[in-house]
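In what follows, chains carry the letters A, B, and so on, assigned in the order in which the sequence lines appear, proteins first and then strands, with residues in each chain numbered from 1.
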Amino acid sequence: MVLINWEDNLNQTQLDAVSNTDGALLVIAGAGSGKTRVLTYRVAYLIHEKNVSPESIMAITFTNKAANEMKERIIDLVGKRRYHPWVGTFHRTCANILRNYGASAGLLDSFTIFDDSEQLVVLKRVFKKLDTVPEPFKPRYYLHMISGAKSHLKPPEQLEEEAKTTFEKKVANVYHHYQESLREQNAYDFDDLISETCMLLQNHKPTRDILRNQYKYILVDEFQDINPSQYAFIKLMANPETRNIFAVGDDDQSIYGWRYADPKFMDNFQEEFAPVTIIKLEENYRSTAPILRVANEVIKNKSWGITKKLHTRKRSGLMPSFYMAGDENKEARYIARQINKHLDDGGNYSDIAILYRMNAQSRSFEEYFSMNGIPFRIIGGLRFYQRMEIKDILSYFRVLANHHDRSSLDRAINTPKRGIGDKSKDRIFNFMSQNRLGLFDLPTNEDILLSMGLQNAIVNRLIPFLELMHEFRDKSKKLKHVDLLSWIIKRTKYEELLEIEDTIEARARIDNLNELRGAFLSFQDNFPDRSLSEFLEHVALVSDIDSYEKTDDSVTMMTLHTAKGLEFDTVFLPGLEEKFLPHSRSQDTPDELDEERRLFYVGVTRAKNVLRITSAKRRLFRGVYINHTVSRFLTEMPLDIINGLDMTITQHGKDDEDTNHFPNFKRESKAKQKSFLDFDDDIEPMPSDEEVIVTRDESKQQKHGKQRKPQLASQYKVGNKISHPKFGQGEIVRINPVGGDDNFLTIQFDDKTGKKVFSEQKAPIEKLD
DNA sequence: CCTCTGGGTATTTTT
DNA sequence: TACCCAGAGG
């Protein structure tokens, strides 16, 4: 039993939030105000002081990362016990409920979870089946509409009834068939996990009663990002006697409106769970006063929301700076210089984050940092389990776990290529649908297969595949998951084919397969007796950020969305330009604009000590040069803040003089303007005594091959001889790992050429020994 | 059935 | 720039 001195560890408001344990409570927790602390201490308080049994507590988060952190911190506070509170994401919690209670209500209890790429496969098959085309919008837009319907708990029938326009009718019809297809495949998509659980709780009183009796205390994190179905879930779970719901959120950090999250549920909560105690946490423990001042100014201009004003005891601090670069390369150069200064001052790369609006913005930093030896790491983008090779191999597992999973079968059946194309797949799948067969119900008898209308040649290719799958199924009963993985990789010749291909991408894919082996092993160690389906569920519900820890010393780069909940000593916010932030696609309505503003606010409030904002006058974007003006979020700030910001502008070209990049700047006079818009283009390139060469042509990386994790193992060693098409033979004298997946090779050529530095991934060099 | 090519297009993505 | 997709041709 751990003894906790509550007063010493919490401020008065936090203590109120922790100890106010009766009825509904809404905590409005400003950025950096100790939200997670309050959540975990409240759980500990319930257990220690109120003798609540841990297993009657349920805490819901949005990310696995938050859930894992909370679990750990709760264990720190209450010690390891026989029973623990349930802590999980909305999706994992609901998946769990469906697995445990679904069957008793006539729902599926063994199901596969489809991620968005699998949803897309389903949707495209629906269009094919309906013999229509996804117009006037792209397939993803239809998925978005379907997701909207599910988020509002509308079944296809309701959407069909409500549909007025032709397009709405089309969406409803597609939704109908899409849903039918999912059910046929024993599959749920992410939205289904929530909506089906709501249906279960609504329509099946026994389950509802069991759960309500079990979980008397419910805590919900990030309440501002809750969508209608998640809100409905919380309402259904609320025990009507105790109504002990604890919600924490910050409407100023609601950034998932485009996924139907709505901060206004914080209002609904106050009405529907009345009486609700409301507590505001406004003391910020993260940032310095100057940073908070900027944050408060940013958010002050919002058109809707609960008013709060963050304050801090960290009175002194560096004034945030603004730097306007000539172009995106100069922006990268400026940030690189600042990073080096930070290191000269004794700081670490891992103190630093670069947070941008769009993933595409990472490019210029990747390139500049690689060339200048700044290690970096990109979080997000393509997720590990979304990679082509990982999906390919896992599709076999998914078929083994659920042989009705058509989307995975679709992939596995012709990966690697077996000469079974779309036409034949259609025939096979139609046959399966009509007879309600799973893969292992298919006959391996030649005559029957021929009667499906398949060509002789196809049958001769299909039978070996079916036999292979039967073999895998037999093996799956005998082998450990990781051994089955090796077996499948071997028998499908997947790795072998990559080895033959022997390109940079192929090698990266092989590395990823090895990482997958690692993931299997660690799952096996942590959960020795979990089934294959449970492993696959685990895999379906994780993301890049979940495993993110500041372990390696590199600069972190990610989108503003991904950065929510994190903090860094030094934060760079590049691209503070109109059309980037606010994004050109999100500036049409006040709601959209508000959300962009909150994104900026999230970015600002990630910084503990140093905040540097930058923008570029001109940048190469999607192959063309564009000119942006400075973001309105900066220019609308009061003049004294702008004067206070350490503003610098570099000139790009001579013709920039007459362009006003601050059209909506509140200025007093030209003279005054000069005082804070200081032109400064004398920054030298990064000091480097070695010429840096990166061959752009070789750098084409396919989306599904792009490896984001640092690749420490170089294929080279110091002393290796190499050959370069232009410079001839050389010897490697130094290897510097940089972020991304690259290493930085210093190569000594002949005396005339001297030493040169190459990117291992991009340079056209060949190993000679 | 598979691969190549040209044209159109372009946020964010907790699960 | 980098992708996705449709259609042509092997």
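Between A:H561 and A:Y356, the ring center distance fails the sub-6.0 Å criterion. Between A:F376 and A:F365, the ring center distance fails the sub-6.0 Å criterion. A centroid separation of less than 6.0 Å is found between the aromatic rings of A:F621 and A:F580. Outside the 6.0 Å centre-distance limit, the rings of A:Y231 and A:F269 are not counted as a close aromatic pair.
Contacts of A:G421 with the nucleic acid, taken as non-hydrogen atoms under 4.0 Å apart, involve only primed sugar atoms and P, OP1 or OP2. Contacts of A:K423 with the nucleic acid, taken as non-hydrogen atoms under 4.0 Å apart, involve only primed sugar atoms and P, OP1 or OP2. At a threshold of 4.0 angstrom between heavy atoms, the contacts of A:N64 are confined to the sugar-phosphate backbone, with no base atom among them. In this structure, A:I458 reaches the sugar-phosphate backbone alone: every heavy-atom distance under 4.0 Å involves primed, P, OP1 or OP2 atoms, never a base. Among the heavy atoms of the strands lying under 4.0 Å from A:D225 is at least one base atom, whether or not backbone atoms are also near.
With rounding to whole Å, A:D591 atom CG is found 21 Å from B:dT12 atom P. Computed from coordinates, the A:R461 CZ to B:dC2 C1' distance equals 11 Å when rounded to whole Å. As rounded to whole Å, 14 Å separates atom C1' of B:dT14 from atom CD1 of A:I379. Computed from coordinates, the A:Q361 CD to C:dA2 C1' distance equals 16 Å when rounded to whole Å. Counting to the nearest Å, the C1' atom of B:dT14 and the CD atom of A:Q253 are 13 Å from each other. Here the P atom of nucleotide C:dA2 and the CG atom of A:L620 are 10 Å apart, to the nearest Å. In this structure, A:E505 atom CD and C:dA2 atom C1' are separated by 13 Å, rounded to whole Å. In this structure, A:R598 places its CZ atom 13 Å from C1' of B:dT12, rounding to the nearest Å.
The side chain of A:K417 approaches B:dC2 more closely than any other nucleotide in the set B:dC1, B:dC2, B:dT13. Side chain of A:R357, nearest nucleotide from B:dC1, B:dT15, B:dT11: B:dT11. Taking every side-chain heavy atom of A:K138 into account, B:dT9 is the closest of B:dT14, B:dC2, B:dT9. The side chain of A:R363 has C:dA2 as its nearest neighbour among C:dA2, B:dT12, B:dT15. For A:N359, the listed nucleotide lying nearest its side chain is B:dT12; candidates were C:dC5, B:dT11, B:dT12. Comparing B:dT14, B:dC1, B:dT13 by their nearest atom to the side chain of A:W258 picks out B:dT13.
Checking the phosphate oxygens (OP1, OP2) of B:dT14, no side-chain nitrogen or oxygen of A:N227 falls inside 4.0 Å. Close to B:dC1, at under 4.0 Å from its OP1 or OP2, lies no side-chain N or O of A:N414. Phosphate proximity of B:dT13 to A:T559: present, with a side-chain N or O under 4.0 Å from OP1 or OP2. For the pair A:T61 and B:dT14, the criterion of a side-chain N or O lying under 4.0 Å from OP1 or OP2 is not met. The phosphate of B:dT15 (OP1 or OP2) has no side-chain N or O of A:R383 nearer than 4.0 angstrom. At B:dC1, none of the side-chain N or O atoms of A:K425 fall inside 4.0 Å of OP1 or OP2 (strictly under the cut-off). Checking the phosphate oxygens (OP1, OP2) of B:dT11, no side-chain nitrogen or oxygen of A:R259 falls inside 4.0 Å. At B:dT11, none of the side-chain N or O atoms of A:S584 fall inside 4.0 Å of OP1 or OP2 (strictly under the cut-off).
In this structure, A:R99 satisfies the cation-pi test against A:F111, with its NZ or CZ atom closer than 6.0 Å to the six-membered ring centre and inside 45 degrees of the ring normal. Both the sub-6.0 Å distance and the 45° axial angle are not jointly satisfied by A:R619 relative to the ring of A:Y625.
Taking a centre distance below 5.5 Å and an interplanar angle below 30 degrees as the stacking criterion, A:H91 does not stack against the six-membered base ring of B:dT15.
Side-chain N/O atoms of A:S586 and base N/O atoms of B:dT11 include a donor-acceptor pair closer than 3.5 Å.
Under 4.0 Å is where a charged nitrogen must lie from a carboxylate oxygen, and between A:R286 and A:E567 at least one such pair does.
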